[in-house]
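Here the structure is a predicted model, which means the values were calculated and not measured. Starting from 1, each residue takes its place in the sequence as its number. The figures here come from the full heavy-atom set of this structure, side chains too, leaving out hydrogens, waters and symmetry mates.
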Amino acid sequence: MDTIHTLGFCGVMLLAYLIEATLGFGGTVTALPLCSMIVGIHIAIPAITAIVCAAALMILVHDRAYVEKRAYTVMFLLMVLGMPIGMAAYSCLPERPLKLALGIFTILVALKGLFWHDRRKKTEKRIGFRYYVCLFLGGVIHGAFSCGGVLAVIYANRAITDKRSYRVTLSAIWFSLNLLLTLKNIVTGSMTLPAARLSVCGLPFVAAAVMAGNRMISRLNTKTFGTVVYVMLLVSGCLQVLR
């Protein structure tokens, strides 16, 4: 892995986790398509998974008292049930179909963020069956690409009302799930030496992005920034599909 590829990877992680710190999610789904184009999907996924695990732990240690335990338990159990399906797909399929699937998923996430809004959120308190299905499907996506968070937040938006609890509960989920995936990657040999080196190099950039994002969040128009992010995701997904 040469210096240019390493710097490119770290630069993408810095940008992605500025987004994560501002929106509360979206760091991995932003980073993965771009990083997979720089270093390859089979190196990018284990590297990003380990980095996110460590970054989530930073947040969790600081605000662990605010974890919404019931929401965490529901999210963890349903996502863990779906993860083996995604793991099997990742292990069996070659890189091109995986990149195509990732590109399509990224496009769908971008279109949802740009054009679909849950207007019933403020008035409807009941959590319907479809939200639990989203968690299970989020687990499938997370098992394959470590970026099932976009589906998981559909449930979290309904189940967790306190902003601080929302962020730290999601961090607890990412830490737990990514720790399992990182251990699996080490045992199966997916955590290769290049992936491990990228994890070490990328972590300081992510830590800096989280601290900078915390300071920026009050100054940014979150809605406008979110629109820019989703447009960028749409372009990234299209590049993944066409590449």
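Remark: side-chain polar atoms of S36 are not paired, donor with acceptor, to backbone N or O of A44 under 3.5 angstrom. At distances below 3.5 Å, at least one donor-acceptor pair connects side-chain atoms of S165 with backbone N or O atoms of Y66.
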Contacts under 3.5 angstrom, residues 8-15 side chains, donor-acceptor by atom type, not counting sequence neighbours:
none

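If you take CD1 on I186 and CG on L181, they are separated by 11.5 Å, rounding to the nearest 0.5 Å. Here CD of E68 is found 11.5 Å from CG of L170. Values are rounded to the nearest 0.5 Å.
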For this session: Applying side-chain contact (heavy atoms from CB on, under 4.5 Å), run through M58 and L203 and close with a yes or a no.
Result: CA-CA 11 Å; M58 294 177 195; L203 185 56; 3.8 Å; yes
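Hydrophobic clustering, with ILVMFWY side chains joined whenever heavy atoms are under 4.5 angstrom apart, groups M87 together with L81. Residues Y17 and F205 fall into different hydrophobic clusters, defined by Ile, Leu, Val, Met, Phe, Trp and Tyr side chains chained together at heavy-atom separations under 4.5 Å. Cluster annotation: Y90 and I51 are assigned to the same hydrophobic cluster (Ile/Leu/Val/Met/Phe/Trp/Tyr, side-chain heavy-atom contacts under 4.5 Å, transitive). Residues L198 and L7 do not share a hydrophobic cluster, clusters being chains of Ile/Leu/Val/Met/Phe/Trp/Tyr side chains in contact below 4.5 Å. Under the 4.5 Å side-chain contact rule for hydrophobic residues, V187 and M191 do not share a cluster.
Residues that satisfy the side-chain hydrogen bond (donor to acceptor under 3.5 Å, both in side chains) test with S190, not counting sequence neighbours, are T188.
Atom CG of L193 has more than 12 heavy atoms from other residues, nucleotides or ligands within 6.0 Å.
Listed by first and then second residue, the ring-ring contact (aromatic ring centres under 6.0 Å, His included) pairs involving residues 143-165 are Y132-Y155 (not counting sequence neighbours).
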